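Data first, discussion second: the structure below is written as structure tokens.
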Amino acid sequence: MSAVAKLQGQKEQLLARLEADPGPNERAEIQALLAKIETALKLLAAKHSAATGETA
């Protein structure tokens, strides 16, 4: 499984947890993790684009 697929899976799980209406502390933790995942996905996309010569 690729890094992108793993990150997407983790993102889906975290979004499902958010839909379960967690408490404020858990919500903040989930949102922080989602922000890290989004950053990682953007970096991987940029790396892929640079490697393949694609433009945004």
Side-chain angles (χ1 to χ4, degrees):
M1 181 179 287
S2 73
V4 172
K6 287 180 185 179
L7 288 168
Q8 288 288 0
Q10 290 175 351
K11 180 179 175 181
E12 289 175 17
Q13 289 175 345
L14 290 169
L15 289 172
R17 283 176 56 191
L18 272 181
E19 289 178 9
D21 196 29
N25 291 338
E26 186 178 1
R27 178 175 292 279
E29 180 182 339
I30 292 169
Q31 290 173 333
L33 290 170
L34 284 169
K36 288 181 182 181
I37 289 172
E38 285 298 323
T39 299
L41 287 170
K42 286 178 186 176
L43 289 171
L44 287 170
K47 182 177 177 183
H48 175 74
S49 294
T52 59
E54 296 176 11
T55 57

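Being a predicted model, the structure only gives us computed values, none of them experimental.
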- Leu33 and Leu14: which non-hydrogen atoms are nearest, and at how many Å? CB-CD1, 3.7 Å

- Query: Pairs in or reaching into residues 19-30: which pass side-chain hydrogen bond (donor to acceptor under 3.5 Å, both in side chains), with residues at least two apart or in two chains?
  - Reply: Arg17-Glu26

- Mind jotting down which residue pairs meet the salt bridge (Lys or Arg N to Asp or Glu O under 4.0 Å) criterion with at least one end in residues 36-53? Sequence neighbours excluded, please. Lys11-Glu38

- Task: Under the side chain to side chain contact (heavy atoms under 4.5 Å, CB included) rule, collect the residues that match up with Thr52, sequence neighbours excluded.
- Result: His48, Glu54

Side chains of residues 1-8: which donor-acceptor partners sit under 3.5 Å, not counting sequence neighbours?
from: Ser2; atom 1: OG; to: Ala5; atom 2: N; distance (Å): 3.1

- Looking at CD of Gln13 and CD1 of Ile30, how far apart are the two atoms once the value is rounded to the nearest 0.5 Å? 11.0 Å

- Query: Which ILVMFWY residues are connected to Leu43, directly or by a chain of links, through side-chain heavy atoms under 4.5 Å apart?
  - Reply: none

- Residues which pass side-chain hydrogen bond (donor to acceptor under 3.5 Å, both in side chains) with Gln31, listed by chain and number, not counting sequence neighbours: none

